[in-house]
Novice: 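This structure is in structure tokens; I'll ask about it shortly.
In this chain, numbering begins with 1 at the start of the sequence shown.
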Amino acid sequence: MTTRPLAVRWNPLDWPLTHGPIPYAVLIAGWAALLLLAWSRHRRWRAPRLLGALLLGGALTAAVKLGVDGWWRPFPEGTPDFVMRWIAVALFAVALLCFRLPLLTRHRTRLLAVGGAVLVLLMSSSQVNRGFDQYPTARAMMTPDTPVLTTDRAADTLAATPGAPLEETWHAPPGLPAKGTLAVTSIPGHASGFRARPAYVYLPPAYQATPRPLLPVLVLLPGQPGGPEDWVNSGGIQGLMDDFAAAHRGLAPIVVVPDPIGAPFTNTLCMDSRIAKAQTYLAVDVPAWIDQHLQAAPGRTARAVGGISFGGTCALQLAVNAPQVYGSFLDYSGQQEPTLGSRQKTVKKAFDGDEAAFTAVDPLHLMARQKFPDTAGRFVVGAWDHEFRPMQEKVYAAAREAGMDVTQQAYPGWHGWAVWRQGLQQDLPWLAARTGLIR
């Protein structure tokens, strides 16, 4: 990605939070604070109190685990183990504080104890953030003030010459902007009835030229929990696409980031079911909106879909359920199958217990009985992601057996944006060539 100017790098909002000195300083300070909370020379601070704090912290952790995974279930596969470990550390600090405060008589020492607990909470949050790489900087926590998309349909367009990539037939005019534009828009669910949150659209510099080249479109999907803004804030999609455009005379794919779930913690399974008609939204409504509002290259060979985690599973689902729409896909850390936690629960809630309805659209079952020789994709997963990597390896093998042109790549990291950003950066040249943009 582009190196920021020195003046910008010195802005505290751009200091790295997932690598470098800041997270390690927080880690050291947090552990030191936890040790100070656990140790005391006070005559009434004895092993029973320390044991009581340990038991209270454990009970609180068990309650959180039960409430989150047994009732709320924001993660279909359950809360990641490393997240629960850091939650346990944070709650142990809270328990220690509860046992320490009654023994402290001075206002200053009470404040120090509270401050120590806050440091442990900050450490735990920092380590969870490092695991997901959700907020690489403080700036990524703030959704940018994005303008509403205004579209114009220029009279002059330029399509690629048959058999030749667009890069060889189009020349950047003088004064072409150096960067693309990012805007927010509404994509209504006319056919599906799906109520989606606002989508984001990236238009590369070449889209602002006359004649306007007919560029391919990449539809990117967020994970669950999450939303389209994740690809803007955590994924850095604008900078990544601008970098690609700078290396190809302003040419880059148009990127559309729609909402496949409707709310941060909803799980639509990316299917047409009793929950929602999410597949119709993504396979009918979104392409229809693109055709109506944007000037882009038509046809499945110029349309690709990709996503992370839930969105990666969804991308593969669309590739096999709507191959006439999307000819290429990017499955980044996707699941083995769409799930609400278990096959039984998924089938019961989404299809009223009709397992045949589920298997009719589930990617593994579809690929077992149908070939897709004209579909190509890329699988990416974290090398240390022991939960999703085995699942994706199984799906990758099934895709190969179904005749797809696919590859799989593991990058250093867990189930987070450090892996996914690198994956998209490495896959963009392949995708651009696949969709007729470059050779």
Novice: Would the number of heavy atoms belonging to other residues, nucleotides or ligands and lying under 6.0 Å from CD of Gln324 be above 12?
Specialist: yes
Novice: For Asn321 and Val361, which heavy atoms make the closest approach, and how far apart are they?
Specialist: ND2-O, 2.9 Å
Novice: Check each of Val184, Leu182, Leu203 against Leu149 using the side chain to side chain contact (heavy atoms under 4.5 Å, CB included) test, and report the only one that passes.
Specialist: Leu203
Novice: Which heavy atom of Thr266 sits nearest a heavy atom of Gln224, and at what distance?
Specialist: O-CG, 3.0 Å
Novice: Minimum heavy-atom separation for Ala296 and Arg303, please, with both atom names.
Specialist: CB-NH2, 4.4 Å
Novice: Parallel under 30°, tilted from 30 to 60°, perpendicular over 60°: which one fits the rings of Trp31 and Trp86?
Specialist: tilted
Novice: Ile187 and Ala196: which non-hydrogen atoms are nearest, and at how many Å?
Specialist: O-CB, 4.4 Å
Novice: If you look at every heavy atom in Arg249 and Ala172, which pair is closest and at what distance?
Specialist: O-CB, 3.7 Å
Novice: Does this structure show an ion pair linking Asp69 with Lys65, if we count only N-O contacts that are shorter than 4.0 Å?
Specialist: yes
Novice: Classify the angle between the aromatic ring planes of His248 and Phe244 as parallel (below 30°), tilted (30 to 60°) or perpendicular (above 60°).
Specialist: parallel
Novice: Quick check with a 6.0 Å cut-off and a 45 degree axis cone: is Arg378 positioned over the face of Tyr332's six-membered ring?
Specialist: no
Novice: Taking side chain as C-beta onward, heavy atoms only, is Met271 less than 4.5 Å from Phe358?
Specialist: yes
Novice: Going by ring-ring contact (aromatic ring centres under 6.0 Å, His included), Phe82 matches just one of Trp414, Phe132, Trp384. Which one?
Specialist: Phe132
Novice: Just how far is it from atom CG of Asp354 to atom OG1 of Thr359, taken to the nearest 0.5 Å?
Specialist: 8.0 Å
Novice: More than 12 foreign heavy atoms under 6.0 Å from CD of Glu401: is that the case here?
Specialist: no
Novice: Is any NZ, NE, NH1 or NH2 atom of the basic residue among Arg439 and Glu168 found under 4.0 Å from an Asp or Glu carboxylate oxygen of the other?
Specialist: yes
Novice: Is the NZ or CZ atom of Arg212 both under 6.0 Å from the centre of the six-membered ring of Tyr207 and within 45° of that ring's axis?
Specialist: yes
Novice: Is a salt bridge present between Asp285 and Lys277, judged by a nitrogen-to-oxygen distance below 4.0 Å?
Specialist: no
Novice: Could you tell me how the ring of Phe194 sits relative to the ring of Tyr281: parallel (under 30°), tilted (30 to 60°) or perpendicular (over 60°)?
Specialist: tilted
Novice: Are Glu355 and Arg343 ion-paired here, with the side-chain N under 4.0 Å from a carboxylate O?
Specialist: yes
Novice: Could you go through the salt bridge (Lys or Arg N to Asp or Glu O under 4.0 Å) check for Asp405 and Arg400 one step at a time?
Specialist: CA-CA 7 Å; Asp405 173 13; Arg400 289 191 61 184; over 6 Å; no
Novice: Taking side chain as C-beta onward, heavy atoms only, is Ile275 less than 4.5 Å from Leu269?
Specialist: yes
Novice: Is there side-chain contact between Gln317 and Pro338, with heavy atoms separated by less than 4.5 Å?
Specialist: yes
Novice: Do Tyr135 and Asn233 have side chains that approach each other closer than 4.5 Å (heavy atoms only, starting at C-beta)?
Specialist: no
Novice: Salt bridge between Arg274 and Asp352, side-chain N to carboxylate O under 4.0 Å?
Specialist: yes
Novice: Determine the sole option in Thr375, Asp374, Thr435 for which the side chain to side chain donor-acceptor pair (under 3.5 Å) test with Arg300 is passed.
Specialist: Thr375
